[in-house]
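Written below as structure tokens is the structure these notes are about.
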Amino acid sequence: MYTLAATNPISIIEGAYSAPVAVDVLETAIAYGAKQAFFFGICGGISGELSIGDVIIPDEILRMEGTSYHYKKAGVHAKPDQKLVREFCRFLEENGQTYVRGKTVTTDGLYRQTLNLERHWQKEEILGVDMEMSALLTVSEYHHVPAMSVLVVSDVHQLEEGAMWKWGGATRRASKKRILDLLLDYIISE
């Protein structure tokens with residue numbers, strides 16, 4: 001954990017892979033007094049309209065991981081704090097950063113993420129898939145900590161028969177750096 005000196009102390013916690021580990025880190029941060037949470041991560045692009053490096057601001061996240069079910073009943077999607085989303089999106093626009101808003105999905109069953117399931121997600125207009133965000137937003141809501149998430153597309157899922165998988169590279173790295181810089185600038189300026 002890194003803490004920055006600012007008007008309000010800002011802590012940055014690095015590295016939490018998978019919903020259970022991410023929630024463990026979040027629960028600890030909340031116990032130490034976290035008042036807001038901004039989650040940054042990468043995701044696979046499900047929508048055929050996305051490219052590597054694109055930025056997604058989830059408005060709603062389908063919960064297909066197991067951790068969030070300890071905090072909220074089944075059948076309810078995870079949602080970010082709408083005020084934080086509006087303010088951050090306005091900040092991105094003021095700084096010339098493009099993004100898309102919409103539904104995403106969080107799963108912990110990577111090897112059950114079949115072509116048929118991804119085709120279903122496309123029909124449901126799911127933009128991307130990650131491994132932590134629905135659990136993090138659900139736990140934040142449970143503890144009444146306003147939170148939102150930002151995702152950078154790390155790979156695109158081509159669902160046509162025989163299509164090659166496309167992953168990362170310089171575009172993803174540059175986009176991650178730009179979004180992290182903007183996110184930090186936004187948090188510090190608050």
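Take R178 and apply the side chain to side chain donor-acceptor pair (under 3.5 Å) test, not counting sequence neighbours, and it matches Q97. For Y99, there are no ring-ring contact (aromatic ring centres under 6.0 Å, His included) partners two or more places apart in sequence or in a different chain. Contacts of M64 classified as side-chain contact (heavy atoms from CB on, under 4.5 Å), with partners at least two apart in sequence or in another chain: L62, V105, T107, L117, W121. With sequence neighbours left out, H143 forms a side chain to side chain donor-acceptor pair (under 3.5 Å) with E27. Residues meeting the side chain to side chain donor-acceptor pair (under 3.5 Å) test with R173, sequence neighbours left out: none. Scanning for salt bridge (Lys or Arg N to Asp or Glu O under 4.0 Å) contacts around D24 gives an empty result, with sequence neighbours left out. By the salt bridge (Lys or Arg N to Asp or Glu O under 4.0 Å) test, K83 pairs with E87, sequence neighbours left out. Residues satisfying the side chain to side chain donor-acceptor pair (under 3.5 Å) criterion with D108, sequence neighbours excluded, are absent altogether.
V129 has its side chain out of reach of T104: every pair of non-hydrogen atoms, C-beta onward, lies at least 4.5 Å apart. Under the 4.5 Å side-chain criterion, counting only non-hydrogen atoms from C-beta, V156 is in contact with V153. For the pair L50/I56, a side-chain contact is recorded, criterion being any heavy-atom separation below 4.5 Å from C-beta on. Here the side chains of F91 and N95 are in contact, with some heavy-atom distance below 4.5 Å. Taking the side chain as every heavy atom from C-beta outward, S175 and D54 never approach each other to under 4.5 Å. With contacts defined as side-chain heavy-atom distances shorter than 4.5 Å, the pair V85/C89 qualifies. Using a 4.5 Å cut-off on side-chain heavy atoms (C-beta onward), V55 and T98 make no contact. Annotation: side chain of K103 is not in contact with side chain of I61 (no heavy-atom distance under 4.5 Å).
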S149 vs L136, side chain to side chain contact (heavy atoms under 4.5 Å, CB included): CA-CA, chis, key distance, verdict: CA-CA 9 Å; S149 58; L136 290 168; over 6 Å; no

M131/Y17 under side chain to side chain contact (heavy atoms under 4.5 Å, CB included): CA gap, chis, key distance, verdict: CA-CA 7 Å; M131 295 176 55; Y17 300 102; 5.8 Å; no

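Under a cut-off of 6.0 angstrom, the local environment of CD in E125 is sparse, with at most 12 non-hydrogen atoms contributed by other residues, nucleotides or ligands.
Taking CD1 from I187 and CG from L84, the interatomic distance works out to 9.5 Å, rounded to the nearest 0.5 Å. To the nearest 0.5 Å, atom OG of residue S51 and atom CZ of residue R172 are 15.0 Å apart. Atom-to-atom distance recorded for R86:CZ and D81:CG is 8.0 Å, nearest 0.5 angstrom. To the nearest 0.5 Å, the span separating CG on L26 from OG on S140 amounts to 4.5 Å.
Considering all non-hydrogen atoms of both residues, S18 and E132 come closest at N-OE2, 2.8 Å. Looking at every heavy atom in both residues, A135 comes nearest to V23 through CB-CG2, 3.7 Å. S68 and S134 make their closest contact through CB-O, 4.3 Å (heavy atoms, listed as atom of the first residue, atom of the second, distance).
If you run side-chain contact (heavy atoms from CB on, under 4.5 Å) between I179 and each of V150, L184, L151, only V150 comes through.
Residue pairs meeting the salt bridge (charged side-chain N to carboxylate O under 4.0 Å, His left out) criterion with at least one partner in residues 59-74, sequence neighbours excluded, are D59-R101, K72-E141. Sorted by first and then second residue, the ring-ring contact (aromatic ring centres under 6.0 Å, His included) pairs with a member in residues 50-76 read Y71-Y142; sequence neighbours excluded.
Transitive grouping of hydrophobic side chains (ILVMFWY, heavy atoms separated by less than 4.5 Å) brings L180 and V152 into a common cluster. Criterion: ILVMFWY side-chain heavy atoms under 4.5 Å apart, direct or through other members. Under it, L92 and I188 are part of a common hydrophobic cluster.
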Identify all side-chain donor-acceptor contacts of residues 33-48 below 3.5 Å with residues at least two apart in sequence or on another chain.
{"unit_1": "S47", "atom_1": "OG", "unit_2": "E49", "atom_2": "N", "d": "3.1"}

